[in-house]
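These notes are about the structure you will find just below.
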Amino acid sequence: MAEEKSLNFLEEIIEHDLNAGKHVSIVTRFPPEPNGYLHLGHAASICLNFGLSKKYGGYTNLRFDDTNPTTEETEYVENIKNDVRWLGFEWKHELYASDYFEQLYLFAIKLIREGYAYVDDNNSETIAAEKGTPTTPGTNSKYRNRSVEENLQLFEEMKAGKYKDGERVLRAKIDMAHPNMLMRDPVIYRIKHAHHHRTGDNWCIYPLYDFAHGQSDSIEHVTHSICTLEFVPHRELYDWFIEKLNIYPSRQYEFARRNISYTIMSKRKLLQLVNEKYVDGWDDPRMPTVSGLRRRGYTAASIRDFCDRAGIAKRENVTELSLLEFCVREDLNKIALRRMVVFNPIKVVLTNYNEDNEFVSVEDNPEDANGGFRDVPFSKELYIERDDFMENPPKKFFRLFPGGMVRLKGAYIIKCDEVVKDDAGNIIQLNCSYIPESKSGNDTSNIKVKGTLHWVSVAHAITAEVRLYDRLFKVEDPSGEAGDFKDYINENSLEIIPAVYAEPALKNAVQDERYQFLRKGYFALDKYSTEEKLIFNRTVTLKDTWAKEQQKNS
RNA sequence: UGCCCGAUAGUAUAAGGGUAGUACAUCAGAUUUUGGUUCUGAGUGUCUUGGUUCGAAUCCAGGUCGGGCAACCA
């Protein structure tokens, strides 16, 4: 088999750098800001950064970009670390931009000394006004030409806490008429008398992103600093600081963030859903967060596979949710234990069945040649799915109907003899006969049936709550629609069925195990599940070509 | 009126001057004790106009369309 070599643009750059001898190995970093939970977009970045350093022999640092004490919290740090590990990656060094506050401060002093930075007394409104617009040049601040000595002293006083928030800032001195707005004397230090989650009250001046990220990359000798497209215009500034500071030349490369249909990938918006209680926290199973996906029953392997298949490029994209679903189904099909659960029951009475009960042996996973079997109790009174019976079936309906025959999975073939209704005409029971010689494993009946149904013995059934999830939004691109994205929330994204009937084996369900409820979908235990009250989340449905056909006909 | 990115089937990605390929999705069929899985097959694409070249998705120029840039956020 020919080895297919298909590189994404970053791999090409890296291979080029390696071949050219620019680097002997590479260093990447994953730089989350600890102000929210990780989502699928971050997962893509994680797979990219860690994947690249693994492929090309190097390592990846986990660096928290914690330069804004007012939005960042330790709680987020812990959850982010947990999510990265769960995804299956281990960082070389755990670092924080705040580790470099002293060094960053010295960098700022250096810039001032060399005439590349100045203290501005203007407030943010004035600074914004003087910045101009994309099509008109800005104007110089009246504080732009202060002496080095004065700048040094004022900056020192800023650091010492002499001024209130917003009273003064430190700005890089570049060009107020620069076509790139970011080069128009960007603010690099601001005053914030705020408690930092790591440095406490040591500082009251904090560097901005542009004066922290690139320098942190440089300090760590990150060879390839990979970020998303919105930072493209920042690259010019990134390089400017490296040049003026004369420090290790990390290079920034940008790729398009991964969007997924029927959801949103903005931390700000996700936070809104959490705060305004549209969802049950960051790890609500409908959220595109790593923790939400985990709670829903997604496997780390399936998320990695998704990132892999979706690929990486520089063009804006909205990847179809169906690819993600394909990836989980593929993984879960291999590992999930099969169990029978009836959601909406109708009672079947086997009129010719006399034994109290027996046990039939059913495989745990037909995909797994080494998989085990379990004994499932079978008896005279069973539940089957109400949808699996129709009094007047359409063509190609090969489930149960009056006079029709189906196999009960792992057990016998049965025939529907009589439909029992209540006074209102509702079907309340099906009287059936079973074919004794049709038992699974030693079927001598020679009867062929088209349908096989899941079932559960009434007397042995246990109950559980199941939670069925649908897409969180009704439109493919909620952020792209007019108006507020919340207008497009799918109000039917969660359906709770308080009590379904399950085979007894599910009594022993455990948290990390994945289950396939036969013909229903893949399920996993929710974090709130207890021994007294089992709660299962539906991770994803099974593909259902019958339902699809029904939809087409209606 | 500025600067910067980008454009290949429905979607996401390959092809780096030489037959436009893969996956998901879609459709059709086979197998199946899950209408699942598996297997087979099908259709659909290079934004546009010029140029260079024997030959262009690829190189060049103009245009069109989409996105980003005026936070003391990252």
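Naming: A, B, ... by sequence-line order, numbering from 1 per chain.
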Taking only Lys NZ, Arg NE, NH1 and NH2, and the carboxylate oxygens of Asp or Glu, determine whether [X] and [Y] approach each other closer than 4.0 Å.
X: A/Lys162; Y: A/Glu167; answer: no
X: A/Glu367; Y: A/Arg338; answer: no
X: A/Arg251; Y: A/Asp17; answer: no

Practice task
Taking Watson-Crick and G-U wobble pairs with both distances under 3.5 Å, convert RNA chain B into its dot-bracket string, 5' to 3', dots for unpaired and | for cross-strand pairs.
Solution key: .((((((..((((....[..)))).(((((.......)))))....(((((..]....))))))))))).....
Counting the atoms with a prime plus P, OP1 and OP2 as sugar-phosphate, which does [X] contact under 4.0 Å by heavy atoms, base, sugar-phosphate, or nothing?
X: A/Phe397; answer: base
X: A/Gly410; answer: base
X: A/Gln516; answer: base
X: A/Gly36; answer: nothing
X: A/Arg235; answer: nothing
X: A/Ile312; answer: sugar-phosphate
X: A/Arg258; answer: sugar-phosphate
X: A/Arg309; answer: sugar-phosphate

Handout entry: A/Trp282 to A/Thr289 - nearest heavy-atom pair and separation
Key = O-OG1, 2.6 Å
Problem - Output field: ring centroids A/Tyr143/A/Tyr118 closer than 6.0 Å - result: no
Problem - Separation of the P atoms in B/rU44 and B/rA61, to the nearest angstrom - result: 34 Å
Exercise for the section: Taking atom C1' in both B/rC5 and B/rU40, compute the distance separating them and give it to the nearest angstrom. Expected result: 43 Å
Handout entry: Over 12 non-hydrogen atoms of neighbours within 6.0 angstrom of NZ in A/Lys55
Key = yes
Practice task
Answer yes or no: are there more than 12 heavy-atom neighbours, outside A/Lys415 itself, under 6.0 Å from its atom NZ?
Solution key: no
Which nucleotide in the set [options] lies at the smallest distance from any side-chain heavy atom of [X]?
X: A/Ser6; options: B/rG36, B/rA14, B/rG35; answer: B/rA14
X: A/Thr135; options: B/rG35, B/rA14, B/rU1; answer: B/rU1
X: A/Arg399; options: B/rG35, B/rC5, B/rG36; answer: B/rG35
X: A/Phe326; options: B/rA25, B/rU1, B/rG35; answer: B/rA25

Check: protein-nucleotides 9-11 of chain B nitrogen or oxygen pairs below 3.5 Å:
unit_1 : atom_1 : unit_2   : atom_2 : d
B/rG10 : N2     : A/Glu320 : OE1    : 2.9
B/rU11 : O4'    : A/Glu320 : OE2    : 3.1
B/rU11 : O3'    : A/Val318 : O      : 3.1
B/rU11 : O2'    : A/Val318 : O      : 3.2
B/rU11 : O2'    : A/Glu320 : N      : 3.4

Exercise for the section: Tell me, with the steps shown, if A/Ile312 and A/Glu11 meet side chain to side chain contact (heavy atoms under 4.5 Å, CB included). Expected result: CA-CA 10 Å; A/Ile312 160 90; A/Glu11 293 170 326; over 6 Å; no
Listed pairs, N/O of protein and of nucleotides 69-74 of chain B, under 3.5 Å:
unit_1 : atom_1 : unit_2   : atom_2 : d
B/rC72 : N4     : A/Asn122 : O      : 3.2
B/rC72 : N4     : A/Ser124 : N      : 3.2
B/rC72 : N4     : A/Gly166 : O      : 3.0
B/rC73 : OP2    : A/Arg190 : NE     : 3.1
B/rC73 : OP2    : A/Arg190 : NH2    : 2.7
B/rC73 : O3'    : A/Arg190 : NH2    : 3.3
B/rC73 : O2'    : A/Asn68  : ND2    : 3.3
B/rA74 : OP1    : A/Thr67  : OG1    : 2.6
B/rA74 : OP1    : A/Arg190 : NH2    : 3.1
B/rA74 : OP2    : A/Tyr209 : N      : 2.9
B/rA74 : O3'    : A/Asp65  : OD2    : 3.4
B/rA74 : N6     : A/His234 : NE2    : 3.1

Exercise for the section: Could you tell me whether a side-chain N or O of A/His454 sits under 3.5 Å from a main-chain N or O of A/Val341, the two making a donor and an acceptor? Expected result: yes
Problem - All pairs passing salt bridge (Lys or Arg N to Asp or Glu O under 4.0 Å) where residues 545-554 of chain A contributes a residue, at least two apart - result: A/Lys396-A/Glu549
Exercise for the section: May I have all residue pairs that pass salt bridge (Lys or Arg N to Asp or Glu O under 4.0 Å) and include part of residues 169-195 of chain A, sequence neighbours excluded? Expected result: A/Asp120-A/Arg171, A/Arg144-A/Asp185
Practice task
May I ask you to evaluate whether A/Thr545 reaches the phosphate of B/rG36, defined as a side-chain N or O under 4.0 Å from OP1 or OP2?
Solution key: yes
Considering only nitrogen or oxygen atoms on both sides, find all protein atoms under 3.5 Å from nucleotides 26-31 of chain B and state each distance.
unit_1 : atom_1 : unit_2   : atom_2 : d
B/rU26 : OP1    : A/Lys548 : NZ     : 2.4

